[in-house]
There are 2 protein chains.
Amino acid sequence: MLSPSDKALVPFVSVDNMMRLVHHVGLETMITRIADAIEADFLRWDAFDKTPRVASHSDVGVIELMPTSDGEMYGFKYVNGHPKNTAEGLQTVTAFGLLADVQSGYPVLLSEMTLLTALRTAAMSALAAKHLAPEGARTMAMIGNGAQSEFQCRAFKAICGVDTVRLYDIDPAATAKCARNLEGSGLTVVSCTSAQEATVGADIITTCTADKQYATILTDNMVGAGVHINAIGGDCPGKTELHKDILHRSDIFVEYPPQTRIEGEIQALADDHPVIELHDVFAGRVTGRTSDKQITLFDSVGFAIEDFSALRTVKTLIDGTAFYDDLDMLADPDDPRDLYGMLHRAK
Amino acid sequence: MLSPSDKALVPFVSVDNMMRLVHHVGLETMITRIADAIEADFLRWDAFDKTPRVASHSDVGVIELMPTSDGEMYGFKYVNGHPKNTAEGLQTVTAFGLLADVQSGYPVLLSEMTLLTALRTAAMSALAAKHLAPEGARTMAMIGNGAQSEFQCRAFKAICGVDTVRLYDIDPAATAKCARNLEGSGLTVVSCTSAQEATVGADIITTCTADKQYATILTDNMVGAGVHINAIGGDCPGKTELHKDILHRSDIFVEYPPQTRIEGEIQALADDHPVIELHDVFAGRVTGRTSDKQITLFDSVGFAIEDFSALRTVKTLIDGTAFYDDLDMLADPDDPRDLYGMLHRAK
């Protein structure tokens with residue numbers, strides 16, 4: 001057991017240290033490690049406390065807390081979503097997260113999660129596609145070339161064997177940025193001038209756009225038989241990306257139905273529209289892809305367990321490294337009943 | 001407007017800096033400032049998003065998130081409650097909190113809240129008593145002499161004019177510690193050997209014990225007419241301090257009924273047992289104390305708005321001081337869509 005004075009200091013992974021850690025481990029390795037942790041945690045699905053995230057909505061965005069626990073560790077993420085931020089030079093999504101020891105309630109890790117969320121979102125997408133995409137899928141359409149796009153491309157390369165990405169964004173500058181960033185990654189990059197063009201020959205279609213409104217990024221005619229759709233951007237009430245007809249042609253896979261019905265593409269459907277839970281696919285209880293004509297759709301919204309998995313991966317990876325600082329975040333009097341005395345003596 | 005690079009750094013108030021800040025401002029002044037902020041925030045009650053806290057219970061304790069927002073700022077607190085921690089040399093309660101800008105979703109303050117929670121709990125208790133305690137109350141029984149006790153005594157001195165405290169704890173060492181800590185505070189301290197003795201001549205009775213079980217710290221015969229009871233320690237399901245008969249003789253005042261009915265003393269009563277909301281008393285919509293025979297009971301559980309008030313007080317107080325560090329917690333690429341590029345270039 002750690003002594004109280006050790007427990008009073010909380011390891012903190014800053015943005016700078018997270019970047020160092022990613023480069024130390026290697027981006028694709030780190031995404032793969034996180035995907036492995038997510039898969040392992042989804043395989044013990046019943047061990048987790050599950051609750052839809054706690055959201056505070058305003059006119060311009062949302063601030064959410066996403067807690068979960070497996071009974072040994074407790075984790076939560078703070079994350080905002082403000083589509084208008086980009087125009088002001090700010091991130092649409094920023095995040096940080098925490099792990100704590102359930103036995104003592106003491107935090108054991110505080111971490112930036114803007115970068116880590118990008119990694120875990122990409123990891124989750126590629127993990128779902130590993131189970132759902134058609135055999136031999138090598139080409140992915142990447143529609144929406146914002147902050148998440150390159151991470152998606154690298155994750156699908158590392159985990160699914162994708163070798164070609166077809167990029168499209170309503171802003172050509174975003175596509176150019178994404179293409180430039182992927183130079184030297186080993187991926188063949190094709191920049192397209194329409195969503196329709198991006199989907200040509202794609203086995204996997206990823207949509208990752210940020211408008212907080214009902215949008216139709218994909219229309220029915222763009223989606224051929226056998227395709228796997230990885231729908232990332234629809235993740236809050238009123239925010240969707242796919243035409244409803246596509247949903248009716250697809251088998252729909254979700255993380256946690258109570259949350260996805262509120263936030264995902266399926267908010268456009270009846271409350272009892274059938275969906276398949278990914279943990280059942282990972283565990284082999286349900287077959288994901290049943291034919292090469294089937295359209296599979298991962299209606300991704302992001303679930304607290306994925307953040308938990310990412311945080312515990314970081315906790316493991318920083319052990320014995322210098323990629324964290326100790327944060328004086330917990331009061332630690334010699335006598336735990338003597339908080340006042342600690343304060344008094346500090347004078 | 002702050003530039004993004006300013007916003008990427010989050011002011012962090014460590015335990016050490018919180019102690020410096022308290023000594024810089026003065027303990028009683030700081031408690032009074034927090035009480036003033038709570039009162040001001042309770043007077044604009046309808047401006048706040050209110051929700052019962054999000055609790056994760058285990059055999060040995062609870063971890064909670066307490067979010068709220070007034071539409072301009074968003075705040076939340078992480079707090080644990082682990083009664084068995086004391087025996088292991090750890091704090092029963094540790095906490096930290098965050099304020100964020102609703103417009104951007106960006107955090108603007110991260111702070112330790114173990115000390116700050118002690119201050120705001122004391123501030124809230126004294127604020128309630130200012131409105132409810134009998135005229136000319138000068139003597140308080142302080143039952144339970146743990147980490148919160150001295151803060152309660154100082155708050156009641158500063159805000160309610162209490163000049164004498166009568167201490168009792170099942171552990172005489174805790175009473176001795178409390179008495180020692182209050183030397184030189186200006187309070188007359190009487191150490192008692194039973195709860196009964198502590199209540200003799202007391203106008204105000206504060207109970208602040210930590211057992212996670214139905215306990216009976218106060219029995220009916222200890223509570224005379226006209227007394228104000230400040231019940232702090234009953235604050236989660238299964239944890240109460242007062243005999244049910246006392247509840248039936250009292251007018252019961254609460255922070256936020258949906259939460260108090262789950263966590264407070266009134267969990268022992270029918271769901272529709274009448275309670276009075278303190279914000280109605282502060283605003284003058286309801287009269288708190290109506291006679292000198294009336295027993296008033298503040299069934300305190302601690303509500304998210306109080307933490308919000310405490311955090312915004314700290315944010316104001318640290319402005320222009322050195323009592324914080326800038327934390328590199330938010331990723332801040334030059335181009336907000338180029339998170340990957342920021343990571344890539346950091347190599």
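Order of the sequence lines sets the chain letters (A, B, ...), proteins ahead of strands, with each chain counted from 1.
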Does atom CG of B:D326 have more than 12 heavy-atom neighbours from other groups under 6.0 Å away?
yes
Heavy-atom distance under 4.5 Å to chain B: side chain of [X], backbone, both or neither?
| X | result |
| --- | --- |
| A:F151 | both |
| A:K347 | both |
| A:A346 | both |
| A:R20 | neither |
| A:D16 | both |
| A:S69 | side chain |

Most chain B-contacting option - heavy-atom pairs closer than 4.5 Å, from [options]:
| options | answer |
| --- | --- |
| A:T86, A:D49, A:L182, A:D335 | A:T86 |
| A:M19, A:R154, A:M18, A:H23 | A:H23 |
| A:S149, A:A118, A:C178, A:P107 | A:P107 |
| A:S56, A:A95, A:G71 | A:S56 |
| A:S111, A:A100, A:P336, A:P67 | A:P336 |

When only pairs under 4.5 Å are counted, which of [options] shares the most heavy-atom pairs with chain A?
| options | answer |
| --- | --- |
| B:D338, B:L330, B:T68 | B:D338 |
| B:T94, B:L343, B:N80, B:T114 | B:L343 |
| B:V79, B:V13, B:L65, B:L115 | B:L65 |

Less than 4.5 Å to any heavy atom of chain A: does that hold for the side chain of B:V102, its backbone, both, or neither?
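Contact with chain A: backbone and side chain both.
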Between B:D171 and A:R337, is the closest basic N to carboxylate O distance under 4.0 Å?
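Between B:D171 and A:R337 there is a salt bridge, with a charged N closer than 4.0 Å to a carboxylate O.
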Answer whether the closest heavy-atom distance between the side chains of [X] and [Y] falls below 4.5 Å.
| X | Y | answer |
| --- | --- | --- |
| B:Y106 | A:H82 | no |
| B:L110 | A:L110 | yes |
| A:L327 | B:L327 | yes |
| B:L27 | A:Y340 | yes |
| A:E112 | B:D328 | no |
| B:F96 | A:L98 | yes |
| B:Q103 | A:V60 | yes |

Distance from [X] atom [atom1] to [Y] atom [atom2], nearest 0.5 Å?
| X | Y | atom1 | atom2 | result |
| --- | --- | --- | --- | --- |
| A:S58 | B:E72 | OG | CD | 11.5 Å |
| A:S104 | B:N85 | OG | CG | 6.0 Å |
| A:N181 | B:M342 | CG | CE | 11.5 Å |
| B:Y74 | A:E64 | OH | CD | 9.0 Å |

Do the two ring centres, one from B:F12 and one from A:F12, sit under 6.0 Å apart?
no
Anything under 30° is parallel, anything over 60° is perpendicular, the rest tilted; go ahead and classify B:F76 against A:Y78.
parallel
Looking at A:Q91 and B:P333, what are the two nearest heavy atoms and their distance?
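Minimum heavy-atom separation between A:Q91 and B:P333: NE2-CG, 3.1 Å.
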